[in-house]
Amino acid sequence: MEVTNVFGFVILVYISVYCFDRYLKRNNSQTYKNFLSITPIQIDFMSLRWTTSLFNKKIYNWATREKNKLCWWYSFGTMVTILLCIPSLILLASTAVVSFENLRQHENHEAILQPVVPGVNLPSADLPYYLITLLVCTVVHEIGHALAAVSEQIPLIGFGLLVWFIVPAAFVELPTKDVTSLSPWKQLKIYCAGVWHNIVLSIVAFLIMTSLPILLMPLFQTGVGVCVLNLDRYSVGGYHDFQIGDQLTDVNSCRVTEENSWKQCLAAVLHAPSSGFCVNNAYLMGVAANDQIGCCNNSELSQSHLCFLSSSDVISHHYCLRAREVTELSAAWCSNHKDCSNNESCLRPLFQSELKNETDSSRLILIQRKNTASIIFVGHPDEIYRSVSVSNYVPRTFIGSKYVNVIYHLMWYLFSFSAGLAVLNVVPCIFMDGQYIVGALTEMAFKGCESVSTKRQAQRALIFSGTSLVIVNIAFSLLSMFL
């Protein structure tokens, strides 16, 4: 289903639920009031909000038992988070420069940080990963604030979930007066706890992601090729013989060990001149004369045969042959007859566009598979590049690679999103943790200063700078994405 169709359906559901909610409230439906009292859901236009205090007691009891450990944990996390402030500002500034250069020079250099827009720079198939990752990252973030607050004897008001349009998020409610009554250092521990948890989550996700080849060694092998995951987006007019689960090891004699080398081999085929095959002259002499030019003239024979050109310094010949037969008889690849032995000729495939003197990037691609016949593909290499999904993990058993692919993708999104949220939240930007972190830091820095206005001016200057930097990054990134 297209992303636009999903968004349209979600909008219709929101409008229906919102209108139904307003109708029942306007008519004072007692049944609906009872339902809302049991299930504390707040329905607004394009958003749903659920709040509960069910976890308060469990969190408080556990945090009280582990108070000393939590005190050390969040003290260390606070120092790490403060050290992250300057690198985060530098990263945002460099990202803004890259985005500005993309706009100015009409280029598309990928920045380290960029907004993720479903259907634009996020594949629609990855939308579930996007939503799950956002939910997990925000839940882990808010649990950090809650545990840090309880460890400083601050009571929890409630914990909840918010869904705005399709974007899920978690939140925790704390008594503001109680938090601001603490010393600046204790406040800082609470404000930094969410960022610290995001840092830890990104590290854990990265370690799991990089350790998968070792952890899954009994079930999967790596470095021996790639495994075909799916062909759902395959929309090519060329001939192919891909099967889900195939182990692909070579592309036109280019060795494939993992996904990156698979893409590099396909790119090499696309940019290199069309290669030919060294075939024994005795075989060519036995080809029937009436079969030698049939498919080269776009006859019915072209449906099962391919036109080949054998050229030398003296004369050129056209042959109409079956591609698989030629590849099986070939002793080596060649670019001209000099690459072959004396009793061989170099047969180079010709496509209809070349026969008509038109530019075309079609290729005859020979893809080796383990324990089965090779794949002969006639068409554009970029169709395989874009449409055939592969995995680095080749199964040793009946368990398919798609499960590993799900785990790997989820860990990648958790790592990148959690690290991104940590960077953004530590920047002194309004409505983010950085706003409160800067407030506590300036209180500590200006502890002996009697001038309240000086502290406020310093806070406002830092928050204004951080907010401006975030807005500029978002604006430049979106403009370079859509223009």
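Source: prediction; values computed, not measured. The chain is numbered in sequence order, starting from 1.
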Just verifying a value: how many Å separate [X] [atom1] and [Y] [atom2], rounded to the nearest 0.5 Å?
X      : Y      : atom1 : atom2 : answer
Leu134 : Ser418 : CG    : OG    : 10.5 Å
Phe9   : Tyr14  : CZ    : OH    : 12.0 Å
Asp126 : Thr133 : CG    : OG1   : 9.5 Å
Ser345 : His337 : OG    : NE2   : 9.0 Å
Ile430 : Gln435 : CD1   : CD    : 5.0 Å
Leu266 : His380 : CG    : NE2   : 14.0 Å

Is the shortest side-chain heavy-atom distance between [X] and [Y] below 4.5 Å?
X      : Y      : result
Asn405 : His409 : yes
Val224 : Thr257 : no
Val226 : Ser391 : no
Tyr408 : Met209 : yes
Ile244 : Leu229 : no
Ile471 : Asn473 : no
Asp246 : Ile375 : yes
Trp50  : Thr52  : yes

- Item | By side-chain contact (heavy atoms from CB on, under 4.5 Å) - contacts of Pro213 (at least two apart) |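 Only Thr222, Tyr393 meet the side-chain contact (heavy atoms from CB on, under 4.5 Å) criterion with Pro213.
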- Message: I'd like to check the side-chain contact (heavy atoms from CB on, under 4.5 Å) partners of Glu328; sequence neighbours left out, ordered by chain and number.
- Response: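 If we apply the side-chain contact (heavy atoms from CB on, under 4.5 Å) test to Glu328, skipping adjacent residues, the hits are Arg324.
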Counting only heavy atoms from other residues, nucleotides and ligands, does the tally under 6.0 Å from [atom1] of [X] exceed 12?
X      : atom1 : answer
Phe206 : CZ    : no
Phe76  : CZ    : no
Trp333 : CH2   : yes
Ile214 : CD1   : no

- Test log, rule side chain to side chain contact (heavy atoms under 4.5 Å, CB included), inputs Leu127 and Ile166: CA-CA 10 Å; Leu127 188 59; Ile166 63 168; 4.2 Å; yes
Hey, is the main chain of [Y] close enough, under 3.5 Å, to the side chain of [X] for a donor-acceptor pair?
X      : Y      : answer
Asp339 : Ser335 : yes
Thr210 : Leu207 : yes
Asn392 : Glu259 : yes
Ser330 : Val326 : no

- Do you know which of Thr467, Leu92, Val438 makes side-chain contact (heavy atoms from CB on, under 4.5 Å) with Val427?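 In the set Thr467, Leu92, Val438, the residue that makes a side-chain contact (heavy atoms from CB on, under 4.5 Å) with Val427 is Leu92.
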- Query: Quick one: which of Leu421, Leu201, Asp433 gives a side-chain contact (heavy atoms from CB on, under 4.5 Å) with His141?
  - Reply: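 That would be Asp433.
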- Tell me whether the centres of the aromatic rings in His197 and Tyr74 are closer together than 6.0 Å.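 Ring-ring flag for His197/Tyr74: true, centres closer than 6.0 Å.
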- Query: Is the Tyr319-Phe308 ring centre distance short of 6.0 angstrom?
  - Reply: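 Ring-ring flag for Tyr319/Phe308: false, centres at least 6.0 Å apart.
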- Item | Modelled atom types, side-chain donor and acceptor of Ser261 and Gln264, under 3.5 Å |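 Distance-only check fails for Ser261 and Gln264.
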- Task: Take the angle between the ring planes of Phe417 and Tyr413 and call it parallel below 30°, perpendicular above 60°, tilted in between.
- Result: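 Plane angle over 60°, so perpendicular.
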- Give the intermediate values and the outcome of side chain to side chain contact (heavy atoms under 4.5 Å, CB included) for residues Leu347 and Leu284. CA-CA 10 Å; Leu347 293 185; Leu284 297 177; 3.7 Å; yes
- Message: Would Leu364 and Phe377 count as a side chain to side chain contact (heavy atoms under 4.5 Å, CB included) here? Give the steps.
- Response: CA-CA 6 Å; Leu364 190 157; Phe377 175 89; over 6 Å; no
- Item | Check against side chain to side chain contact (heavy atoms under 4.5 Å, CB included), Thr78 and Trp196 | CA-CA 7 Å; Thr78 299; Trp196 170 234; over 6 Å; no
- Is Cys346 close enough to Cys340 that their SG atoms are under 2.5 Å apart?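 Taking the criterion (SG atoms under 2.5 Å apart), Cys340 and Cys346 fail it, so no.
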- Message: Test disulfide bond (SG atoms under 2.5 Å apart) on Cys334 and Cys278; report intermediate values, then the result.
- Response: CA-CA 6 Å; Cys334 59; Cys278 291; 3.9 Å; no
- Do we get Arg49 above Phe171's six-membered ring, with its NZ or CZ under 6.0 Å from the centre and within 45° of the axis?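 Judged by the rule (NZ or CZ under 6.0 Å from the ring centre, within 45° of its axis), Arg49 counts as positioned above Phe171.
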